[in-house]
Amino acid sequence: MLIQLRTNMNVPDIIIAIDGYSSTGKSSFAKSVASEFSFLYLDSGALYRGVTLYAMENGFIDEDCQIDLPALSAGLETLDLHFEDHGDGSQTYMGSRCIEKEIRTLTVSGKVSPIATVAEVRSYVDRKLREFGKKKRVVMDGRDIGTTVFPDAELKIFMTADPMIRAQRRALELQAKGEQADIQDVLKNLEERDYIDSHREVSPLTKAADAVVLDNSHMTMEEQLIWIEELVKKRFQC
Ligand code: DC
């Protein structure tokens, strides 16, 4: 659900990069910020998921997550992934096909991590994001937006929260979808993903030196929006 304060701030043409750990609420926060400032929201994870769906449908990744790198790299040259908004929020497209639902399935989630470690895939996604960000007024969320994709972004946020609180939030989300969720299993999975994201060779998750930390362990979405508005007002005098 989108929370809006509607304070009508005159925010200048900037790029807002939001990075952070899994299940810190990055995408909900980024979407709310985009809506509040009338910016475009770009979900970088959706592009990694889109490449994963493409690789699966074309047999470029097998059951054991072995990747046919030459075939995938050749395919990336013509793969058209982009976002379209027809009044129902930004949706991910592969050519003329909306793939928003398919990229959120468990099968895609299970294969996206190995795909996201491939250097060719990362440079494909980076290229797309830089193209979309040319006109500024965008909010992007991911793991390496402020460090690699837009190191010159005018505002960088690094999101974190207490692991147990993140695990509780994630477990509630899973339960709402009707999935079983043991809190200790969820916590273990989160900590494993934090480790993999922070230790991979290409573009590991790390806080940019000039990023501002947002620890939302005990904050509502409304409080987070007030926090960013204060920050933007102070920094950009708007
Ligand atoms: O945010 P998400 O769960 O939709 O991201 C899907 C995957 O893509 C996840 O395994 C992390 C990876 N990812 C990444 O490596 N770099 C980004 N900028 C965004 C996502």
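For this chain, numbers begin at 1 and follow the sequence in order. First listed ligand is number 1; within each ligand, the first listed atom is number 1.
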What side-chain donor-acceptor pairs closer than 3.5 Å can you find for residues 144-151, not counting sequence neighbours?
{"residue": "D144", "atom": "OD2", "partner": "R122", "partner atom": "NH2", "Å": "2.9"}
{"residue": "T147", "atom": "OG1", "partner": "D144", "partner atom": "O", "Å": "3.4"}
{"residue": "T148", "atom": "OG1", "partner": "S203", "partner atom": "OG", "Å": "3.4"}

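- To the nearest 0.5 Å, atoms CZ (R137) and CG (L40) are separated by 11.0 Å.
- Between R127 and E131 there is no salt bridge, since none of the side-chain N atoms of the basic residue sits less than 4.0 Å from a carboxylate O of the acidic one.
- Listed by chain and number, S44, G45, Y48, R49, V112, S113, A116, R122, G142, R143, D144, R200 each place a non-hydrogen atom less than 4.0 angstrom from ligand 1.
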Below 3.5 Å, can you tabulate the donor-acceptor pairs from side chains in residues 108-115 to any protein atom, sequence neighbours excluded?
{"residue": "S109", "atom": "OG", "partner": "R49", "partner atom": "NH1", "Å": "3.1"}
{"residue": "S109", "atom": "OG", "partner": "T105", "partner atom": "O", "Å": "3.1"}

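- Residue pairs meeting the side chain to side chain donor-acceptor pair (under 3.5 Å) criterion with at least one partner in residues 227-238, sequence neighbours excluded, are T7-E229.
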Salt bridge (charged side-chain N to carboxylate O under 4.0 Å, His left out) evaluation trace for E191 with R170: CA-CA 13 Å; E191 288 175 338; R170 182 87 189 113; over 6 Å; no
